[in-house]
Trainee: 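If you scroll down you'll find the structure; I have some questions about it.
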Amino acid sequence: MVWKQGNKWQVKWHENKIQKFQSFYNEQEAIKFENEKRALNKLQRKRERESKTKEQRRAEGLLKYGGTNECESEAIRQLVKLLENNWNVLIIRDGAHNDIALQKKDSQDTDLYYGIQIKSCSKQTATGHTKTPVAQFCHVNHYPNSLIICICLKPLKIWFFHGKNLLNNNPKLWESKKTYFKEALCYDKEEGINKLQEFLTTYLKNYEEHKLDYYNLQLNTSQFLEDYANRLYKEHKNLPMVSERRGLNEIENSCVDCLDPDGSRIQEKVCCVESTTTGFTLNLAKSSGRNLESKLTKGPYNENDFDILRVYLFCKVDELGKVSFKREKYCIKYNGKNYEKAIEDIKSYKLFGYWNIPMNQLITEGYVSTKNQKGKTALKVFLPEQVANSIHHSLPKKIQKKSTIWTRDYFQQVL
DNA sequence: CTCGGAAGCCGGTTTACGTT
DNA sequence: AACGTAAACCGGCTTCCGAG
């Protein structure tokens, strides 16, 4: 954007991270100059990307951004340290709307909790010409029913906000000298400020308490589906019907969905039914950075990502006891359109069975990346012949050379 | 006809950088 | 100094489409 100063048009742009100015008598010339500078910057960024190999870009990306979930984890651990004398703190299931559940230790109703949203920031930053480093917190404006606790790790500072008050805020919060921000400060290690107990008591008066599962099940349909499959599996194994939750020291969104009693690290998937094949299809990929056009990419798993791939197969059973694998496909966000209806439908599914495929088998078949091979990003699983026959599910008419028919050996029937 | 793999959508997260 | 956005990371499930 060019602007007029006196009788001249000013242009401002960044060149190698340094802000520069130039003035023109003619507005059109100024605009033209600005556009050229912007195009040049764009081109420079593109060249920068292209000058590196895919692996280099990935390594740099991981170094720069890979610890984002660890930042939140550490923030929660810091908060727990400050609160553990008077409060019980539980981690809510991965992917749910809220992050932690809080309960006063002397509380009468021992199964009720407050749902809290944590926003974290590893350090204060000063970019460009900004002199004072400040903390910044993102995506703060969509938590109408939660207390939002903003935690900066270095230096350790904590602010409280009512999610409702931030609904009309822009998505980001910057530490500033504004009154509302100063008043929100409740902990500052360097300054020796600690009003946590007092703040919690006052702020939490505005919120309702719920049981833990209320928070664990605030999920998108896709995550609800996986959670539900996991619960049906637990029921089958006579384990308690609860959501899988990570521990305080685990990082959110890892490739491991749960641990078996023997310590095996499990990656859980729900497989899909397709009319074009007698097998069941699933995606065997994790995010793997961006391509040259900066678009998200997905890639195969690596050999150390998990120990066992567990693939769940849902079915529906009608009044006559007939098994059908056909079901609705849902991809609805939490509380999106027709969400409740979809959840009700999902709750009518039964667990027909599951495949337990060990990592070494996936490596042998070339489905996971190792030093010596690039894995694959999709897999089809097949029912054993006698199982398929028993419920009149079609068998593959022709078995191709590269068919994953070997998956039959790993199927366990539940129903 | 079958299969593999990519593309596309949903969700979550934080940080860097350019603009106002 | 404050703000807005692009870009990077992570997870999930479903559908499409070309190759064999």
Side-chain angles (χ1 to χ4, degrees), chain A residues 1 3 12-14 17 19 34 37-38 41-42 45 49 57-58 60-73 75 94-99 118-123 125-132 134-139 169-178 218-227 251-257 267-279 281-290 294-300 328-334 336 366-367 375-380 396-405:
Chain A
M1 189 70 104
W3 75 101
K12 186 171 67 176
W13 75 100
H14 282 82
K17 295 185 181 181
Q19 202 171 48
E34 188 186 56
K37 286 295 180 192
R38 296 224 177 122
N41 275 342
K42 211 173 163 184
R45 282 201 299 274
R49 274 206 303 272
R57 277 185 281 125
R58 175 69 169 159
E60 283 175 19
L62 280 173
L63 196 66
K64 222 170 179 178
Y65 301 99
T68 54
N69 288 324
E70 170 56 21
C71 177
E72 193 202 39
S73 261
D94 258 12
H97 194 55
N98 284 138
D99 297 315
I118 300 291
K119 292 291 163 188
S120 63
C121 165
S122 62
K123 59 175 193 290
T125 45
T127 58
H129 278 213
T130 312
K131 299 260 178 2
T132 321
V134 292
Q136 51 175 305
F137 303 97
C138 62
H139 298 320
N169 198 76
N170 61 52
K172 294 214 56 177
L173 261 188
W174 291 267
E175 180 179 0
S176 72
K177 288 172 186 151
K178 287 179 177 172
Q218 292 186 316
L219 300 167
N220 313 319
T221 44
S222 64
Q223 286 156 318
F224 186 90
L225 205 67
E226 192 189 314
D227 187 88
I251 297 172
E252 192 174 10
N253 293 333
S254 74
C255 296
V256 179
D257 293 317
Q267 165 59 235
E268 294 178 300
K269 302 274 181 196
V270 175
C271 61
C272 309
V273 187
E274 270 194 292
S275 54
T276 56
T277 173
T278 57
T281 188
L282 63 112
N283 198 326
L284 202 56
K286 58 175 183 175
S287 286
S288 63
R290 305 244 171 168
S294 296
K295 287 189 82 176
L296 283 165
T297 62
K298 295 277 185 168
E328 287 296 319
K329 317 278 186 190
Y330 296 116
C331 199
I332 305 171
K333 61 179 177 179
Y334 176 63
Y367 278 79
K376 291 168 186 171
T377 55
L379 176 68
K380 278 199 167 62
K397 285 169 192 66
K398 194 174 66 182
I399 294 164
Q400 292 198 348
K401 211 175 170 186
K402 284 198 232 165
S403 164
T404 50
I405 199 75

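The chains referred to below are lettered A, B, ... by the order of the sequence lines, with proteins before strands, and numbering in each begins at 1. Atom set for the values below is all heavy atoms of this structure, side chains included, hydrogens, waters and symmetry mates excluded.
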Trainee: Which sits closer to the 5' end of DNA chain C, A:E175 or A:V273, going by the nucleotide each is nearest to?
Mentor: A:E175

Trainee: Is there a donor and acceptor pair closer than 3.5 Å between the side chain of A:K298 and the base of C:dG12?
Mentor: yes

Trainee: Regarding A:T277, tell me which of base, sugar-phosphate or nothing describes its non-hydrogen contacts under 4.0 Å with the strands shown.
Mentor: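 Since only primed, P, OP1 and OP2 atoms lie under 4.0 Å of A:T277, the category is sugar-phosphate.
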
Trainee: Under 4.0 Å, heavy atoms only, any strand: does A:T221 hit a base, just the sugar-phosphate, or nothing?
Mentor: nothing

Trainee: Quick one: label A:G289 by what it contacts on the DNA or RNA (base, sugar-phosphate, nothing), any heavy atom closer than 4.0 Å.
Mentor: sugar-phosphate

Trainee: Which part of the nucleic acid, if any, lies within contact of A:L379, taking any heavy atom under 4.0 Å across all strands shown: a base, the sugar-phosphate backbone alone, or nothing?
Mentor: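 The answer is nothing, as A:L379 stays clear of every strand by at least 4.0 Å.
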
Trainee: If I take atom CD in residue A:E328 and atom C1' in nucleotide B:dC9, what distance separates them, rounded to the nearest angstrom?
Mentor: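 So the CD-C1' distance, A:E328 to B:dC9, works out to 17 Å.
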
Trainee: Report for the helix from B:dC1-C:dG20 to B:dT20-C:dA1: angle between first-end and last-end helix axes, five pairs each, rounded to 10 degrees.
Mentor: 50°

Trainee: For A:K329, report the nucleic acid contact type (base, sugar-phosphate, nothing); a contact means any heavy atom under 4.0 Å.
Mentor: sugar-phosphate

Trainee: Heavy atoms only, 4.0 Å cut-off, all strands: where does A:T278 land among base, sugar-phosphate and nothing?
Mentor: nothing

Trainee: Looking for any heavy atom pair under 4.0 Å, which part of the strands does A:T297 touch: base, sugar-phosphate only, or nothing?
Mentor: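 Nothing, no heavy atom under 4.0 Å.
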
Trainee: Starting from P on C:dG4, measure out to NE2 on A:H139 and report it in whole angstrom.
Mentor: 14 Å

Trainee: Would you please determine if the base of C:dC3 is stacked by A:W174, with stacking meaning a centroid separation under 5.5 angstrom and planes under 30 degrees?
Mentor: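 So yes, this residue stacks on that base, both cut-offs being met.
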
Trainee: Need one value for A:Y367: base, sugar-phosphate or nothing, where a base atom within 4.0 Å counts as base even if backbone is also close, heavy atoms only.
Mentor: sugar-phosphate

Trainee: Mind checking if A:D94 touches a base, just sugar-phosphate, or nothing, with heavy atoms under 4.0 Å?
Mentor: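 A:D94: no heavy atom of the nucleic acid under 4.0 Å.
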
Trainee: Quick check for you: among C:dC3, C:dA7, C:dC10, whose closest atom lies nearest to any side-chain atom of A:K178?
Mentor: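 Nearest nucleotide to the side chain: C:dC3.
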
Trainee: Does A:S222 or A:S120 map to a spot on DNA chain B nearer the 5' end, using the closest nucleotide for each?
Mentor: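 Nearest-nucleotide comparison on DNA chain B picks A:S222.
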
